[in-house]
Amino acid sequence: MFGLVDLSNFYASCEQTFRPSLRGKPVVVLGSNDGCVIARSQEAKALGVPMGAPWFKVSHLAQSAGLVALSANFPLIGDMSARFMSLAAGFGHQLEAYSVDEAFADLSGIPGDLTLRGFKIRARIRQWLGLECGVGLGGTKTLAKLANLVSKDAERKPGRYPAHLAGVCNFGDLSQAQLEAVMRATAVGDVWGVGRRYGAQLLELGVVSAWDLAQLPPSLVRKRWGLVLERTVLELQGVSCIDLEAVPGPKKQVGVSRSFGKGLEGLDGLLEAVGEFAARAAVKLRKQGSVAGQVFVFAQTSPFRPPPHFSRGLCVPLASASADTRVLVAAAHAGVRAIFQSGVEFNKAGVFLLDLCPANRRQEAFDFGEMGSEIDEQLMATVDHLNQRFGRGTVLVGGAGNTRRKTDWSPKQSRLTPQYTTRLSDIPVAKA
DNA sequence: TCTGGGGTCCTAGGACCC
DNA sequence: TCTGGGGTCCTAGGACCC
């Protein structure tokens with residue numbers, strides 16, 4: 001048995017929790033450029049603000065309906081997410097932190113009433129975090145995910161599902177006929193693993209609901225759509241194919257990319273931006289104890305602008321795998337110089353570190369002759385430590401052009417950004 | 001004026017080898 | 001010189017997730 005706990009309207013609800021004046025009001029959270037909506041409060045959803053909408057298309061609602069827009073506050077989100085995970089960990093034997101606001105729990109063999117257990121975890125999260133969540137239980141991850149959707153929509157969309165499934169929905173409690181009715185009431189596109197593309201293709205074939213999808217022969221689905229969707233069908237049928245991953249493996253690639261607040265022209269600005277992206281990616285890399293063998297750099301114009309469009313990327317292989325900011329920034333810079341074209345107004349750029357492997361497995365032969373490498377590693381560790389303790393940007397690594405900004409390539413600072421000083425350490429903590 | 005920032009996995013097809 | 005078929009590796013692109 002799997003359980004899925006999923007926070008409701010996480011980003012927007014965090015803001016409402018910390019600013020009581022926002023409670024009950026329509027709130028949206030905007031992406032880093034204040035460009036588009038990345039999260040909505042329940043009230044904003046009710047207003048019909050679509051996910052991903054560019055702000056300029058919905059900003060009129062600020063006047064007419066009191067819609068409040070805030071810039072995303074990632075440190076707050078991160079703290080709240082960690083707290084959420086520690087509470088959700090009490091649900092089952094093992095917990096998989098699936099995303100910032102969702103966690104799968106392994107409930108197999110847990111004695112007692114699991115539905116009651118779901119209500120208890122929900123109450124704890126409300127009490128300690130001031131956040132609402134939905135709890136879904138099912139025999140596979142896909143069914144737990146579906147049950148979770150039901151637990152939320154039974155409340156939000158009265159009439160779609162039986163009202164008693166609101167808050168906590170345990171498919172184990174349902175009869176076959178009840179489960180069929182629930183799955184028939186769920187659109188095929190709402191199934192985990194069915195995106196826009198597959199959803200449209202399935203609809204064309206008359207596969208309308210989750211129930212319809214579950215009736216398809218898996219082998220046929222595999223032939224037409226491949227292994228991934230076949231697994232989805234099997235999981236809907238109750239055959240567990242996707243295991244709980246309690247300990248996430250190391251990432252196979254890490255990257256940092258951004259859109260620029262306004263178009264960026266000229267090599268210097270692009271070098272600065274990409275240098276900082278490489279430096280930030282390097283921090284992520286060292287955090288998981290890896291070294292990278294290749295650095296991928298890309299830069300592009302806005303696809304929303306009229307042509308001509310520009311989009312180029314380049315993979316720069318390293319002589320030996322490294323996690324040294326100076327090496328990675330230098331490689332990223334070499335890539336930028338190679339793809340740069342003057343007269344182009346860049347809208348977005350990024351750096352991905354590829355070919356990752358554990359730092360300790362690096363071949364000793366490569367280190368031979370680089371007598372300073374151990375000292376370099378200590379240097380990077382010290383820089384990371386200082387920046388973590390005193391805030392990002394306290395110490396910068398020079399020598400590879402990664403210096404304090406001269407060009408303003410950054411997203412514009414929003415006047416909407418709330419300046420929170422509250423941290424989770426200011427809030428009472430539940431004893432584990 | 002203004003359109004997010006991350007990731008994962010699978011598949012098809014080409015190159016190459018025997 | 002001509003040739004089949006199978007295996008493996010790599011890469012680009014597509015689809016999905018939040």
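No experiment lies behind these values; they were computed from the predicted model shown. In what follows, chains carry the letters A, B, and so on, assigned in the order in which the sequence lines appear, proteins first and then strands, with residues in each chain numbered from 1.
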Q: Identify which nucleotide among dG5(B), dC10(B), dC2(B) has an atom closest to any side-chain atom of Lys348(A), counting heavy atoms from C-beta outward.
A: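 The closest nucleotide is dG5(B).
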Q: Is there a donor-acceptor contact under 3.5 Å linking the side chains of Tyr161(A) and Ser151(A)?
A: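 No.
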Q: Go through the side-chain N and O atoms of Thr325(A) and Arg286(A) and say whether any donor and acceptor fall under 3.5 Å apart.
A: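 Distance-only check passes for Thr325(A) and Arg286(A).
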Q: Find the distance Asp243(A):CG to dC9(B):P and express it as a whole number of Å.
A: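 For the pair Asp243(A) CG and dC9(B) P, the rounded distance is 13 Å.
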Q: So, Glu235(A) versus Trp192(A): side-chain donor-acceptor pair below 3.5 Å or not?
A: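 Trp192(A) and Glu235(A) do not have a side-chain donor-acceptor pair below 3.5 Å.
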Q: Any side-chain N or O of Arg231(A) less than 4.0 Å from the OP1 or OP2 oxygen of dC10(B)?
A: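 For Arg231(A), the contact criterion (side-chain N or O under 4.0 Å from OP1 or OP2 of dC10(B)) is met.
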Q: Look at all strands and tell whether Phe352(A) reaches a base, only sugar-phosphate, or nothing, counting heavy atoms closer than 4.0 Å.
A: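 If one applies the 4.0 Å heavy-atom cut-off, Phe352(A) turns out to touch the sugar-phosphate alone, with no base involved.
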Q: In this structure, how many angstroms lie between the P atom of dT3(B) and the CD atom of Gln300(A), rounded?
A: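 To the nearest whole Å, that distance equals 12 Å.
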Q: Considering only side-chain heavy atoms of Lys284(A), which listed nucleotide, dG7(B), dT3(B), dT1(B), is closest?
A: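 Minimum distance to the Lys284(A) side chain belongs to dG7(B).
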Q: Using a 4.0 Å heavy-atom cut-off, write out nucleotides 13-18 of chain C from 5' to 3' as B (base contacted by protein), S (sugar-phosphate only) or - (no contact).
A: --SSSS
Q: Just to confirm, is there a sub-4.0 Å distance from OP1 or OP2 of dG6(B) to any side-chain nitrogen or oxygen of Arg258(A)?
A: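 Looking at the OP1 and OP2 atoms of dG6(B), one of them is under 4.0 Å from a side-chain N or O of Arg258(A).
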Q: 5'-most contact on DNA chain B: Ser257(A) or Lys57(A), nearest heavy atom basis?
A: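 Final value for this comparison: Lys57(A).
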Q: Within the 3.5 Å criterion, strictly below it, is a donor on Ser99(A) or Asp101(A) matched to an acceptor on the partner's side chain?
A: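 Short answer, yes.
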Q: Please determine if Lys348(A) forms a cation-pi arrangement with Phe260(A), meaning its NZ or CZ atom is less than 6.0 Å from the six-membered ring centre and no more than 45° off the ring axis.
A: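 That pair does not qualify as a cation-pi contact.
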Q: As a test of reading the structure: which of dG4(B), dT8(B), dT11(B) is closest to the side chain of Lys252(A), going by heavy atoms?
A: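 Nucleotide nearest to Lys252(A)'s side chain: dT8(B).
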Q: Given Trp128(A) and Phe84(A), is the ring pair (Phe, Tyr, Trp, His ring centres under 6.0 Å) satisfied, shown in steps?
A: CA-CA 9 Å; Trp128(A) 291 107; Phe84(A) 162 64; over 10 Å; no
Q: State whether a side-chain donor-acceptor pair under 3.5 Å links Ser8(A) with Glu132(A).
A: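 Per modelled atom types, Ser8(A) and Glu132(A) side chains form no pair under 3.5 Å.
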Q: Among dG7(B), dG4(B), dT8(B), which nucleotide has an atom closest to any side-chain atom of Val254(A)?
A: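 When the side chain of Val254(A) is considered, dG7(B) is the closest of dG7(B), dG4(B), dT8(B).
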Q: Expressed as a whole number of Å, how far does the C1' atom of dG4(C) sit from that of dC16(B)?
A: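 The answer is 15 Å between these two C1' atoms.
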Q: Once you round it to whole Å, what is the distance between C1' of dA12(C) and CZ of Phe298(A)?
A: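 In whole Å, dA12(C) C1' and Phe298(A) CZ are 16 Å from each other.
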Q: How would DNA chain B look in dot-bracket form, 5' to 3', counting Watson-Crick and G-U wobble pairs with both distances under 3.5 Å and writing | for bases paired to another strand?
A: ....||||||||||||||
Q: Taking for each residue the nucleotide of DNA chain B bearing the nearest heavy atom, is the 5' side occupied by Met51(A) or by Glu245(A)?
A: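 The residue whose closest nucleotide sits nearer the 5' end is Met51(A).
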Q: Could you tell me how far apart Lys251(A) (NZ) and dC9(B) (P) are, to the nearest whole angstrom?
A: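 Spelled out: NZ on Lys251(A) to P on dC9(B) is 11 Å.
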Q: Is the ring pair Phe352(A)/Phe296(A) parallel, tilted or perpendicular, if the boundaries are 30 and 60 degrees?
A: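 If you compare the ring of Phe352(A) with that of Phe296(A), the planes turn out tilted.
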Q: In whole angstrom, give the distance that lies between atom CD of Gln294(A) and atom C1' of dC10(C).
A: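 My rounded result for the distance is 12 Å.
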Q: Just the rounded figure in Å: distance from P of dA12(C) to CZ of Phe296(A).
A: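 Answer to the nearest Å: 9 Å.
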Q: Looking only at side chains, do Asp324(A) and Ser322(A) share a donor and an acceptor under 3.5 Å apart?
A: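 Per modelled atom types, Asp324(A) and Ser322(A) side chains form no pair under 3.5 Å.
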Q: Can you tell me the distance, in whole Å, between the CZ atom of Phe56(A) and the P atom of dG4(B)?
A: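 It is 11 Å, rounded to the nearest whole Å.
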Q: With no hydrogens and no angle check, just 3.5 Å: does a side-chain donor-acceptor pair link Asn347(A) and Thr301(A)?
A: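 Absent: no donor and acceptor within the cut-off.
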Q: Send over the distance from Phe74(A) CZ to dG5(B) C1', rounded to a whole Å.
A: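 Atom-to-atom, Phe74(A) to dG5(B), this comes out as 8 Å.
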